[in-house]
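Just follow the structure's listing: the first ligand is 1, and inside any ligand the first atom is 1. FYI, the numbering just counts along the sequence from 1.
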Amino acid sequence: MKNMEITLNNGVKMPPIGYGVFRMTDPDECEQAVVNAIQSGYRLIDTAAAYGNEEAVGRAIRRCGVKREDLFVTTKLWITDTSYEGAKRGFERSMKKLGLDYLDLYLIHQPYNDLYGAWRALEELHLAGRIRAIGVDNFTSDRLSDFIFWNKVKPAVNMVECNPFFQREPERAYMEQHDILMQAWSPLAAGQTGLFENETLLSIADSHHKSAAQVALRWLTQRGIVPVVKSANLQRMKQNLDIFDFTLTDDEMSMISKLDTGHTCFAPRNDGPSMDEFLKKSLLYKL
Ligand SMILES: NC(=O)c1ccc[n+]([C@@H]2O[C@H](COP(=O)([O-])OP(=O)(O)OC[C@H]3O[C@@H](n4cnc5c(N)ncnc54)[C@H](OP(=O)(O)O)[C@@H]3O)[C@@H](O)[C@H]2O)c1
């Protein structure tokens, strides 16, 4: 996988696919899943302060048998810590839980609260060598534009929902134009909206002797996007990594492009009342 690494805008190399641990709330299961993932070949591990499993991830990193410098670890700053002082505090708390002395990628998890104060803190931690790359998460292009315009250090990454049903091609192109890597969360739409039974994906999968999940993940990597995928099952974990020995044709890419619905597979938060609810819930996380 080393020869397939992606180079971020600050020269740091990132593996072409990651393993994510959202909703893995049982500490023992999470720890074992991360050990299995690393031993299966994943090198990018994606967690977040809000997932409540950084300690389990840290334990897995220590016992997986792969050297720290061969792993790429991402965690994320939660909304309630998104300010200058909050980011410094949130970063140290995450590092303590993970048991790490440096981080590969630190993302502002949601585009809310004092983003600019938080970014100053991330810039300082980056310059001090504590974080190799800093980035953002869930930023739409208008927010990203504003952020690029007023800051000195450009985000290396923007992580957003992306899968065959929500493709975000104009946003991907905008990130490419600004040399910001797009990472995809829920690359399999979290198993919702019938992705694994989709006829288009299954017919393409058949002709490559692959699964619908592998076709969806391969389609992302062929667009220059780094998917972060979750599976608690060892066979599916391995299957999701086995996507680099085939190539989708232009016709197949264009068949998949027709599956786009143009909207999220999850509950949207694009009005006042849904944001009010989301922000209220953001206070309840035990960090
Ligand atoms: N930054 C953010 O705001 C944000 C938001 C959401 C997620 N994320 C990150 O993205 C990661 C992945 O997203 P996600 O967990 O929402 O969903 P996902 O990776 O799109 O899908 C996971 C679901 O698909 C199933 N699955 C996985 N591989 C499969 C396969 N080959 N065949 C059939 N089923 C398969 C899994 O079940 P099994 O476990 O039973 O295999 C699970 O139910 C998260 O863990 C997290 O790290 C980030």
Notebook entry, point to check: Can an N or O of P187 be found at a distance shorter than 3.5 Å from an N or O of ligand 1?
Noted result: yes
Notebook entry, point to check: Can you name the closest pair of heavy atoms from H126 and N10 and give their distance?
Noted result: CE1-ND2, 3.7 Å
Checklist line | Reported CD-to-CG distance for the pair E199 and D206, which is rounded to 0.5 angstrom | finding: 11.5 Å
Margin query: Looking at ligand 1, is there an atom of it that comes within less than 4.0 Å of some heavy atom belonging to K76?
Written below: yes
Checklist line | Option set A232, A213, S186, P227, criterion heavy-atom distance to atom 13 (O) of ligand 1, minimum | finding: S186
Margin query: Taking distance alone, with N or O pairs closer than 3.5 Å, would you say A190 contacts ligand 1?
Written below: yes
Item checked: Interfacing atoms of ligand 1 (cut-off 4.0 Å, heavy-atom, M159) -> 1 (N)
Checklist line | Protein residue, atom and distance nearest to atom 41 (O) of ligand 1, heavy-atom basis | finding: S231 OG, 2.5 Å
Next item on the list: Check ligand 1 against G20 and write out every atom of the ligand that is under 4.0 Å from a heavy-atom position of the residue.
Entry: 45 (O), 47 (O)
Notebook entry, point to check: Are side-chain N/O atoms of E54 and T75 paired as donor and acceptor at under 3.5 Å?
Noted result: yes
Note to self: Distance under 4.0 Å to a non-hydrogen atom of N138: what atoms of ligand 1 satisfy this?
What the structure shows: 2 (C), 3 (O)
Checklist line | Qualifying residue for salt bridge (charged side-chain N to carboxylate O under 4.0 Å, His left out) with D104, from R132, R130, R43 | finding: R132
Next item on the list: Check whether the side chains of R172 and Q177 place a donor and an acceptor atom closer than 3.5 Å, and report yes or no.
Entry: no
Next item on the list: Tell me which protein heavy atom sits closest to atom 4 (C) of ligand 1, plus the residue, atom name and distance to 0.1 Å.
Entry: W185 CG, 3.3 Å
Check: Judged by modelled atom types alone, do T82 and Q110 share a side-chain donor-acceptor pair under 3.5 Å?
Finding: no
Checklist line | Between T47 and N53, a side-chain donor and acceptor under 3.5 Å | finding: yes
Notebook entry, point to check: Does at least one non-hydrogen atom of E161 fall below 4.0 angstrom from an atom of ligand 1?
Noted result: no
Check: What do you reckon, does N233 have a nitrogen or oxygen under 3.5 Å from a nitrogen or oxygen of ligand 1?
Finding: no
Checklist line | Shortest heavy-atom approach to atom 42 (C) of ligand 1 - which of K230, Q110, R236 | finding: K230
Notebook entry, point to check: Y102 ring centre to R68 NZ or CZ under 6.0 Å, with the angle to the axis within 45°?
Noted result: yes
Checklist line | Sub-4.0 Å atoms of ligand 1 with respect to non-hydrogen atoms of D137 | finding: 1 (N), 2 (C), 3 (O)
Item checked: Minimum non-hydrogen distance to atom 48 (C) of ligand 1, winning option of Y19, F266, F22, Y51 -> Y51
Notebook entry, point to check: Nearest heavy atom to atom 20 (O) of ligand 1: which of T47, T74, V160, L188 does it belong to?
Noted result: L188
Next item on the list: Fit a plane to each ring of Y112 and F278, take the angle between them on a 0 to 90° scale, and name the class: parallel (under 30°), tilted (30 to 60°) or perpendicular (over 60°).
Entry: perpendicular
Next item on the list: Take every heavy atom of R23, measure it against each atom of ligand 1, and state whether any distance is under 4.0 Å.
Entry: yes
Notebook entry, point to check: Considering only protein heavy atoms, which is closest to atom 24 (O) of ligand 1, and at what distance to one decimal place?
Noted result: F196 CZ, 3.7 Å
Next item on the list: For the residue pair W78 and H109, categorise the inter-ring angle as parallel (less than 30°), tilted (30 to 60°) or perpendicular (more than 60°).
Entry: perpendicular
Check: Which atoms from ligand 1 have a heavy atom of A189 less than 4.0 Å away?
Finding: 20 (O)
Next item on the list: Give the residue and atom name of whichever protein heavy atom lies nearest to atom 12 (C) of ligand 1, and the separation in Å to one decimal.
Entry: V228 O, 3.1 Å
Margin query: Is it the case that the side chains of S145 and D142 hold a donor-acceptor pair, with the cut-off being a distance below 3.5 Å and no angle test?
Written below: no
Next item on the list: Assess the pair Y116 and Y84: is the distance between their ring centroids shorter than 6.0 Å?
Entry: no
Next item on the list: Check whether any heavy atom of S211 sits under 4.0 Å from an atom of ligand 1.
Entry: no
